[in-house]
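Everything below concerns the one structure shown next.
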Amino acid sequence: MDGQRVALHCNPLTQYWNLGGTRPEFEINCTANWRGYVASWDLCDGRLYLTGLHGTLEGGGKASLGLLFPRYPDRAFAHWFSGELIIPQGDMLESFHRGYGGRWERSLRILVSHGIAGGSRTVADTSSTEAARQPPPSWWERWLAKAGD
Amino acid sequence: MILRHMLDIYLIFGAATLGVAILRMFTHPDEQAASDVLMYLGGKTRKQRWEERLITALSLLFIFAGWPAIVYMFYVERHLQAKEPASKTSEFCIKQSDLIRHMSIAQIETLERIDDPMHAAPALPFGHLNEGWRKFIAQLHPGDALWSFSTNWTDEFQCDIRDDGYVIVREGLIGDHYLTRSGYGFSCAGLQDQPGVPR
């Protein structure tokens with residue numbers, strides 16, 4: 001983005017699969033990456049492109065962009081994606097072993113509709129996003145939290 | 001006097017025990033004899049007796065103290081559940097009120113055609129997802145109508161999800177659908193466009 005390489009805290013490829021795209025079976029060989037793949041994206045002239053896909057397929061083959069989009073092995077326009085691209089910024093405030101691995105000072109949210117960026121905003125603290133994606137605490141976790149107050 | 005006789009009796013019993021133990025050592029050489037003589041005869045060492053008392057006392061303590069604690073935990077759990085707002089989970093379901101526009105295939109395909117200046121997607125309706133669209137419209141029967149829709153629902157993690165797309169309406173009933181957008185509500189919060197409406 002703007003010639004810089006940044007982290008992305010969302011998975012635009014998931015929407016492609018949710019909308020009917022064929023998902024290959026990835027081998028999960030690292031607990032730091034339950035998705036089983038790493039994707040590279042390019043925001044060029046306000047349009048979102050998938051430019052790389054790395055991972056191991058079940059059975060041992062290498063995943064690639066050409067596997068998902070045989071006619072577009074270098075760059076695929078992500079017209080299927082609508083939502084916010086979440087880019088962490090500033091210092092990491094907290095590190096934990098779930099989600100994207102921590103909480104940052106702020107995040108840049110780029111609103112995208114059908115692959116085309118339509119504005120951005122900066123949100124302080126990324127915890128609200130993480131919290132929204134976590135399952136609710138169980139009764140004993142709430143009980144312990146209450147007992148600890 | 002009595003004490004002296006008691007001492008004699010004690011010594012006699014002691015000698016007899018020792019004799020039995022020594023005899024057993026010779027007749028049952030595999031058995032661990034020396035320190036276990038008393039246990040063999042049903043007796044227990046002082047340490048064992050204290051251990052037994054301690055275990056009994058702790059067991060009783062945990063039983064009497066533990067059961068009320070478990071009952072209390074169940075009470076707190078019920079209390080917390082009662083105070084919790086009712087779950088607002090809902091399932092994906094397209095209702096009549098979610099329908100937006102009645103459209104023809106040609107209208108939809110014109111609207112949803114992907115034209116990328118870098119030619120990184122097929123110049124077809126729904127681009128990379130064109131195959132799914134073709135399979136969807138292959139299900140259409142004469143008299144069926146296509147409508148655009150947008151529906152909101154809540155998943156098991158209480159996340160609001162917005163799904164947009166096109167749906168087949170057959171004899172007034174909502175049938176199969178084709179999704180064009182599916183995402184968490186918070187990430188779609190700023191999106192103003194609707195399916196079937198020119199962007």
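Remember, it's a predicted structure, so these values are computed and weren't measured experimentally. Sequence lines set the chain letters: A, B, ... in the order given, protein chains first and strands last, and positions in each chain run from 1.
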Report task. Please name the pair of heavy atoms, one in B:R181 and one in A:L19, separated by the smallest distance, quoted to 0.1 Å. Result -> N-CD2, 3.7 Å
Requested in this report: Could you check if a side-chain atom of A:C44 sits within less than 4.5 angstrom of a side-chain atom of B:M118, using non-hydrogen atoms only?
Outcome: yes
Report summary line: d(B:I114 CD1, A:W80 CH2) to nearest 0.5 Å is 10.5 Å
Query raised in the report: At their closest point, which heavy atom of B:A120 faces which heavy atom of A:Y49, and how far apart are they?
Result: CB-CE2, 3.7 Å
**Report entry** B:K95 NZ: over 12 foreign heavy atoms closer than 6.0 Å
**Finding:** yes
Requested in this report: Let me know if A:Y16 has heavy atoms under 4.5 Å from chain B in its side chain, its backbone, both or neither.
Outcome: both
Requested in this report: Flag yes if A:I28 and A:L53 sit in one hydrophobic cluster, no otherwise; membership is Ile, Leu, Val, Met, Phe, Trp, Tyr, and two members link when side-chain heavy atoms are under 4.5 Å apart.
Outcome: no
Query - Sub-6.0 Å ring centroid separation between B:H128 and A:F77 - result: no
Query raised in the report: When hydrophobic residues are tied together by side-chain contacts of less than 4.5 Å, even through go-betweens, does A:V38 share a cluster with A:I87?
Result: no
Query raised in the report: Partners of B:H119 by side-chain contact (heavy atoms from CB on, under 4.5 Å), sequence neighbours excluded?
Result: none
Query raised in the report: Is B:I137 reachable from B:I174 through a run of hydrophobic residues whose side-chain heavy atoms are each under 4.5 Å from the next?
Result: yes
Requested in this report: Name the option with the most non-hydrogen atom pairs under 4.5 Å to chain B; the candidates are A:R71, A:R47, A:R75.
Outcome: A:R47
Query - Any B:D116 side-chain heavy atom under 4.5 Å of A:H79 side chain - result: no
**Report entry** B:Q139, CD: over 12 other non-hydrogen atoms inside 6.0 angstrom
**Finding:** yes
